[in-house]
Every structure is written in structure tokens, then in C-alpha cells.
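Reminder, nothing fancy here: chain letters follow the sequence lines and each chain counts from 1.
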2 protein chains.
Amino acid sequence: MEKVTMADVAKAAGVSKSTVSQYLNNRFEYMGEKTKQKIEEAIQTLGYQPNYIARSLKQKRTSMVGIIVANIMHYFSTEVSRAIEDFFHQHDLHAIVCNADDDPEKEKKYIEMLRAKQVDGLIIFPTGQNNELYESMMKQDYPVVFMDRKVQNLPVFSIVTNNQESTYRAIQQFVKKGHQRIAFAVQPLKVSTRTERFEGYQQAMRDAGIEINPDYIIESDILGMSHKLEKLFSLEERPTAIFAGNDRVFLEVVKCLKDKGIKVGKDIELVVFDNIPFAQVVETPITFIVQPATEMGTKAAELLFEQINKVERKPEEFVFPSKLV
Amino acid sequence: MEKVTMADVAKAAGVSKSTVSQYLNNRFEYMGEKTKQKIEEAIQTLGYQPNYIARSLKQKRTSMVGIIVANIMHYFSTEVSRAIEDFFHQHDLHAIVCNADDDPEKEKKYIEMLRAKQVDGLIIFPTGQNNELYESMMKQDYPVVFMDRKVQNLPVFSIVTNNQESTYRAIQQFVKKGHQRIAFAVQPLKVSTRTERFEGYQQAMRDAGIEINPDYIIESDILGMSHKLEKLFSLEERPTAIFAGNDRVFLEVVKCLKDKGIKVGKDIELVVFDNIPFAQVVETPITFIVQPATEMGTKAAELLFEQINKVERKPEEFVFPSKLV
DNA sequence: TTGAAAGCGCTAACAG
DNA sequence: CTGTTAGCGCTTTCAA
């Protein structure tokens, strides 16, 4: 059981291995009807299952692509991954999702592992700290698409959103409503998404002629964030509005506000970059900056698919608009 | 570039392929120090990357396991998958996540695909409609662990939670608070999780001497659910409490309540089976039945790992307790 | 301590 | 239309 190989099928059907191979690859053009039937039957009775590994070794394609997400705990990552998987599933490829946990070392390890496994291409949410590695893949013309975050000085395909602009508009909206004490909470400014959002904030404040209070800028990893937020909300002059850099930051902010008994919508206004499924349907008035995750994922998949199929195309950056909701 | 193979390394180092292979597999026991160095150097300068596919073909192990989730949109699935991945990552295996979308056909396709890819084992959130297939895997002693849902009449490893009991307690809590008109919303009762939760509900109602009003039982897929909920909440005698079968049902319920202007905690009480990250930190008083997702995932991974490594053990069902929060 | 040789299961010319 | 042959890149006895 289970060790039935193509040779067994061939023998059972009274043909040669190559004929069976033809059959399996749907090259029926020159195949006799009776041969076809015999093979079919042999496969049935033997319960034959082709071994894709052997095929891959020969064809040098595995029909697998890798997705390396920066952090799987973001809802955005899930949505994007799902779109990518859907696309590839329709094209008979499969996607492996790996989680780099925002760790450049882990990212490197996964890239190497996936390449050793001969995956046909990679979609990466880059940590941005592995430039040499990214570069070497480019040099070898290995199919890669970068997602969400930009990489420096490299001609690559990438899919991003207009972080700066939409943050700018969100802050502008706060200002229009009369807010002056606007806080900004974000994880360490090491990746383009965060710096761009921060620039949007700064620009909007500048344009509104509001001086930025350094106390209102919270830059911290998730672990340390609640502590800093606690200090922020204990200030004499508490902010009246706050921008949360993504869904995880948002959770910290909401937790902290709850602890301090500060009511969202009443005592403070809140905007968050990213979609939070449940928050969307709840009474609490929160503004979301929503990225078109599905479209972004699909586009990335398409671009990767093209590269895998050797379609010529110059590397390009695709900017998708996020929207205030 | 990139086509550098073991033979190249061997040549560059002036040794044979088998010696290089020994080196790569850390069998240094009988290897000369200078040979080792030469190989090391050759690998460096050539930028050699071993081809795992070729290795797998020979060794008949891929160091990959498959996870087939019933529906990736559940937060529970994400948490479990993450725990599984973590475990295998620590043991140098990799996990491929596939989404069956609650479709038995898709489940079957994925099982076959993953086996054709020669993955070393499978963790399945079963649809329950592919018994013959499950059975054939058991017969072949193929490593499998079932997660979340039970399969019928088969000696298998499975990880589940005490659905009936915790639902019972949740309903009992409602009753204690004086509720009589308790609704129950769930997706089609085709899998053990849902039927068990439903039994818990029925039992609790029975024990409390409350007659079940069939109008209060909403059984529907997600698409049709909002319509049925709309009718439910338009009843003369509206329920004063409702049980949502999982996170997606919960979202539908909350949406509908919002539309109808019914306030959770004031006009109606709400319990949901599963963890909803954001809802947990919000003011709205909601009761959650939380499953120990991480522990469940880790246990599943351990059991699969044992099977892969041919540790003898009788199939068994592991029940994890979920808790009201 | 190292090398030669024989595959793993499949595909892809090329003959016939 | 079908069979023969030669590998894909690696591991693994078995000799030397």
C-alpha cells in the first residue's frame, strides 16, 4: 500500500512509464483510446498517487510560492495572504505562509529555507534589514514581490499604500474638528509604513500651524507601549485625539483608555490605521484608515505569477489608496 | 549563478559528492579536518544552496506538514495554526496552511494535493464529510491529527473542546439572571462543534424548565443569517439573550442589533463562543467562551510529531476545557 | 577516511 | 501512437 509508483501502473496497464506520464500530463493527442482506458483502470485499482516531489526535481518547478509576512497577528496580513492564496489556488499553485515576527534573522532564515525548498517565487513583507539578501535575489532574477513596505534603492516590484497621504487627511480631519492636542502612537520607526505615517502626521500638524508636543509622540514596541500610553494619558494636558499606527497599537490604546476610564468619542477621538472587523460594527465612533487588502494581495499575486512565467516587465511600485471610513 | 550543485562543490573542493553530502549532514566523525575546511570554503565561494527537493525524493520525508483549516476567517483557526507553526518551527519542520472553506470537495482536494507533495503529516479541521478518505489514511498509518471537530467511528487522534458543557454553563448563567427568552444562532448543524453546542443549549433549557421556542433557533449559513436575524429581532416577543455560535455569527448578530438599534447589555445580553480580540477590551458587556487555542494547537503538533517519528501510541481524544470570560 | 555506483519517481527528447 | 534512454540533485551502502 502507498508505495505504488508509475512503474507499477505501467506494468499493470501493459504500457511503458512514459506513456503513463503522458497520460498524467493530459497529453492525450496521440494516445490510443484503449491505452488511455487501461491506464485509467490501472490507476484506479492500484490507487496510484503521483509523487510531486519527483516531478518537481525534474521540472525544476514546485508549483509552490512562499509568503513571508512580517507579523501574522495583523488582520491586514491575513486578508492579504488569503487573497494571494485564492489567486494561486485558481492557477494551481500553492502558497506557504511563514511568519517572520518582525525579526530580520527569522526573515532571512525563511527566505533561505523556502528557496532551498525550491519554491517558484516569494511575496515578502520585508523587515527591510536584509538588503544584501534582497539584492542577491534580484541579481539572480528570482521572482519576488514586496508587499506593504518599501525596500531601499532596489529595482523591485512592490505593492504599498499611500500611508503619508491618508494619515495626513486623518490628522487634517482632527484639526478641522478643532483638535490641537493630537497624539501619535506607533511601533518603532524602522519600516517605511511607519515613517511615512509619521511624516503624514508631522506635515499635517505643520500645515495646520500646530506645534508638535514631543510628549504626544509614542514610539514603542507593543510590549512597552501600555506603559508609555499610561503616562501619556496621565498628563495634565491630555491629548484630545490620537492616531494608532495599526491594529495592535490600537488594541493597546483601547485597553489603556478603558483602564483610565476615558471614553472614546466623548473624551477622546480615535483614528486607527487598518481595518478592525468588530470595531467597525460597534457603536463607538472610531475612524479607520482601510487599505484595499484583497486588491493588494491579488495584484501582488499577479505580478509574481508573471515573473514566474517569465513575462518581461520592468520593476515598478504600485500604490493603492487607503480610505478613511 | 544559482545552478551550483553538489557536484560543483565537490569538484571545487577536490573531493567526491558523497563526502560533500556527509559534510552537509554533519557526519564529521571520520572526516579529515582539511577536507572539511576545503568543502566549507567551496560552499562559501560558490554560494551553494542544497536542493531540498532532491533530498526529499531520496529520503521520502519533506519536513513539511499540512494544516487544513475548515475556515481561515475564524480567529480561532489563526491562533491554532500559529501555535502549530511555532512548534514545528522549533523542530525544523514547516507547516503549510490550506483553507477548505467548509467545503468537503475542497478539503478532499487539499488532502490529496498535500499527500502528493509528500508532506510528512496532516492536521485537519475536518468537514466530516470525507469519511472514506479519513479512513484510508488511517489504514495506511499516515500521520494525522484531527482538530476542533470530531469524526465519526474512527480511531483517530483528535483535539476538541468541551462544547456542550461550556455552552450549558453559559445558558445556565443567562437563566440565573432571569432570562427566559434565549435565542441560539449557529451555522448549519453539520459538524460536531455546532451540534454539541446546540445540545448544551437544549439541555440547559430543559433543566431550567424553559420550553424552547423554535423561532429563537437560528440555523443558517453566514450569507443568509442577517435576514433570519432580522426576523428574529422583529418578533413581538423579542429574545432578551442570545448565544452566537462563533465569531462570524457574532459579527452578524452585532451588525443586526446595531441596525435595529438594540443595545447590547441593556436591551439584550450576548454570549459568543470564541475569543474576539477587540470586543474583549471594549465597554460593551459580552460574555466569551474562550478555548485554549494555543494549548490545543501545541498538543496537536506534539501528537503529529510523535506519529511522524513512529512513536507508538493508541489513538485518543483530548478534550480541552473552554472557559466563560 | 573517502569514493564509486546505484538508485529515489518522474519527465522529456528521440526513435521507432 | 508508444517505448527507450538518460538524467534531475541528492543519499547511501559498500569497497577501497
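The CD atom of A:Q49 sits 11 Å away from the P atom of C:dC10 (whole-angstrom rounding). The distance from atom NZ of B:K60 to atom P of D:dG9 is 20 Å, rounded to the nearest whole Å. What separates CZ of A:R61 from P of C:dA12 is a distance of 10 Å, to the nearest Å. Rounded to whole Å, the distance from CD on A:Q59 to P on C:dC10 is 12 Å. Between the NZ atom of B:K117 and the C1' atom of C:dC10 there is a distance of 14 Å, given to the nearest Å. Residue A:Q37 contributes atom CD, which lies 14 Å from atom P of D:dC1 at whole-angstrom precision.
Sequence order on DNA chain C of the closest nucleotides to B:K58 and B:S16 puts B:S16 first from the 5' end. When each of A:K17 and A:G32 is assigned the nucleotide of DNA chain D with its nearest heavy atom, A:G32 is the one assigned upstream, toward the 5' end. DNA chain C is contacted by both B:Q22 and A:A54; B:Q22 maps to the nucleotide lying nearer its 5′ end (nearest heavy atom per residue).
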Checking salt bridge (Lys or Arg N to Asp or Glu O under 4.0 Å) for the pair B:D102/B:R149: CA distance, chi angles, key distance, verdict?
-> CA-CA 12 Å; B:D102 272 316; B:R149 299 149 167 206; 3.2 Å; yes
Test side-chain hydrogen bond (donor to acceptor under 3.5 Å, both in side chains) applied to A:E107 and A:Y134, step by step = CA-CA 11 Å; A:E107 174 184 41; A:Y134 307 150; 3.0 Å; yes
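The phosphate of C:dT11 has neither OP1 nor OP2 within less than 4.0 Å of any side-chain N or O from A:Y52. Contact check, A:Y23 against D:dC1: no side-chain N or O comes under 4.0 Å of OP1 or OP2. Side-chain nitrogen and oxygen atoms of B:R27 include at least one within less than 4.0 Å of the OP1 or OP2 phosphate oxygen of D:dT12. Of the side-chain N and O atoms in B:T5, one or more sit less than 4.0 angstrom from OP1 or OP2 of D:dC10.
Counting any heavy atom pair closer than 4.0 Å across all strands shown, B:V15 reaches sugar-phosphate atoms only and no base atom.
In this structure, B:Y110 and A:H94 have perpendicular ring planes: the angle between them is above 60°, well past the 30° mark.
Checking D:dC10, C:dA4, C:dA12 against the side-chain heavy atoms of B:N51 singles out D:dC10 as nearest.
Applying the side chain to side chain donor-acceptor pair (under 3.5 Å) criterion to B:T45, with sequence neighbours excluded, gives no partner residue.
Judged by distance alone, the side chain of A:D101 and the main-chain N or O of A:D103 form no donor-acceptor pair under 3.5 Å.
For C:dT1, the base has no donor-acceptor partner in the side chain of B:T35 [N/O atoms by modelled type, under 3.5 angstrom]. A donor N or O paired with an acceptor N or O is found under 3.5 Å between the base of C:dA4 and the side-chain atoms of B:S18.
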